[in-house]
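Below is one structure, written out as structure tokens, with a few remarks after it.
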Amino acid sequence: MIYNEEFETLPREVLEALQLKRLKQVIQRVYHTVGFYRRVFDEAGVTPDDIKTLDDLKRFPFTTKQDLRDNYPFGMFAVPMSSVVRLHASSGTTGRSTVVGYTKRDIDTWSELMARCFVAAGLTKNDIIHNAYGYGLFTGGLGAHYGAEKLGASVIPISGGNTKRQIMILQDFGPTAICCTPSYALNLAEQGKAMGIDMKALNLRVGVFGAEPWSEQMRQEIENLLNITALNIFGLSEMMGPGVAMECLEGRHGMHIFEDHFLVETINAETGEVLPPGEEGELVFTTITKEAFPLIRYRTRDLSRLFTEPCRCGRTLHRMDRVMGRSDDMLIIRGVNVFPSQIEAILLAIEGVEPHYQLIVERTGNLDTLEIQVEVGEQIFSNADEVKVLQNMERRIVKDIKDYLGVSAKVKLVEPKTIQRLEGKVIRVLDKRRI
Ligand code: DLL
């Protein structure tokens, strides 16, 4: 089944002509409305008139997350705030998070793309969708919600957390589809089982899982435990949110990228060189229809590769492989994106904490856990109230991390020089998760 038969099955040459027309428009628009683009295009010696073919995009500079940070919060917007109807943001300390804006039309486009994803998963208006992506500044909840409504399905806006209640609703409301992170799906399955519930006997037929990396093995495990078909959905706030690419029920090999709205390239993360399809590299996206927050050649840091072979489903849209890793140090902990530098900034704002820390990420059961070991200054250990001071410090770190980043962490304060060093350097991240 295909939601937008016309646009999802365009002959390649027609699609490319449409992409070129849209690309020319967006490049013109950002050049004239966003100071940042005018400056970087001028510096690179390119003008909007240089776009004669799709290939000419290569001559334009990349946009990075740092550029977004430098223009925090609204500096990259291409429309006045009076045209912005929604804001979302990735987690982060002030000044570091990525803020994205949408016009009314952007929300309509996003809803359509999410509706396309649901239809690719075999859903119709007769389905009931249990939406356990978090609602709020995170794009997952509202993105999936609007798509489900656009399709005409019945959506249960359960959001994240409160697992026992979720299980009760899964039993009582009988949803036929579920959306959440793959690790949360496993967690629901196991908790339900522990409560003595036959999770295979629920009404669920399909799951639309994304927002964090997962493997084929995890897919099989989820499918077995919940007796459903598990499909992969990809997206990122900067592009819009969920719904940039989606697996189809027929192919189940790679996610179709909605190329009538996004151009995709893969590049060598070291040199920036554009790679041919099939080769693993960093995904770079350009939005060609977004109004409020267009992005040109945005470096996602996600590593994947592109498939150009036709798909059984009839869509002519190229596909991307599951995300194989990152070309930076971003961690995704319980669906929340976290950079070690953000944790460092929080730690260093606390008196007595040394700039030596280690993040230990594990998956216990099906939930990610984060432990932060932090060295504290010598003077604390000579303080008469040592225990009290340490306890307060620990509490403050846990609270600040939760408040700023939205993740729960366990904090262990340790004496100076106890964290293992490799050639003098503290190993910042130990990611012990086997996904
Ligand atoms: O995670 C949007 C989303 C919500 C996608 C719900 C899918 C479902 P951000 O919080 O900005 O947006 O995080 C984006 O998450 O750059 C990837 O590193 C990672 N990611 C998203 N989907 C997948 C996936 C949302 N299917 C970042 N597989 C991206 C692996 C994923 N990683």
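We number each residue from 1, following the sequence as shown. This structure is a prediction, so every number in the text was calculated from the model and none was measured. Each ligand, and each atom within it, is numbered from 1 in the order the structure gives.
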| field | SB check Arg12 Glu259 (cutoff 4.0 Å) | value | yes

| remark: The atoms of ligand 1 lying under 4.0 Å from a heavy atom of Ser237, numbered in the order shown, are 9 (P), 10 (O), 11 (O), 12 (O)

| request: Just jot down the ligand 1 atoms closer than 4.0 angstrom to any heavy atom of Phe234, in number order. | output: 22 (N), 23 (C), 26 (N)

| said: Tell me the contacting part of Thr181 for ligand 1: side chain, backbone, both, or neither, using a 4.0 Å heavy-atom threshold, strictly below. | reply: neither

| request: Looking only at protein heavy atoms, identify the closest one to atom 20 (N) of ligand 1 and say how far it is in Å. | output: Ala211 C, 3.7 Å

| said: Regarding Thr98 and Lys65, do their side chains bring together a donor and an acceptor under 3.5 Å, going by distance alone? | reply: yes

| query | Strictly under 4.0 Å, does any heavy atom of Arg326 approach an atom of ligand 1? | reply | yes

| request: Using only heavy-atom distances, determine whether the side chains of Asn162 and Gln166 contain a donor-acceptor pair under 3.5 Å. | output: no

| task | Quick one: look up the protein heavy atom nearest atom 18 (O) of ligand 1 and list residue, atom name and how far away it is. | result | Asp302 OD1, 2.6 Å

| field | Glu212 heavy atom under 4.0 Å from ligand 1 | value | yes

| task | Determine, for Phe339 and Arg301, whether the Lys NZ or Arg CZ falls below 6.0 Å from the six-membered ring centre while staying within 45 degrees of the axis. | result | no

| By number and element, which atoms of ligand 1 are closer than 4.0 Å to a non-hydrogen atom of Asn232? | 24 (C), 26 (N)

| request: State if Pro213 counts as touching ligand 1 under the rule of any non-hydrogen atom under 4.0 Å. | output: yes

| said: When you compare the side chains of Thr163 and Tyr184, does any donor N or O come within less than 3.5 Å of an acceptor on the partner? | reply: yes

| said: Quick check against the 3.5 Å criterion: does Trp110 have a side-chain atom that pairs as donor or acceptor with the backbone of Gly147? | reply: no

| message | Need the ligand 1 atom indices (1-based, order shown) with element for anything under 4.0 Å from a heavy-atom of Ile332. | response | 15 (O), 18 (O), 19 (C)

| request: Give the numbers and elements of all ligand 1 atoms closer than 4.0 Å to a heavy atom of Pro242. | output: 2 (C), 3 (C), 4 (C), 5 (C), 6 (C), 7 (C), 8 (C)

| said: Taking the six-membered ring of Phe60 as reference, does the cationic atom of Arg297 (NZ for Lys, CZ for Arg) lie under 6.0 Å from its centre and within 45° of its axis? | reply: no

| Within the side chain of Asp328, is there an N or O that forms a donor-acceptor pair under 3.5 Å with the backbone of Met330? | yes

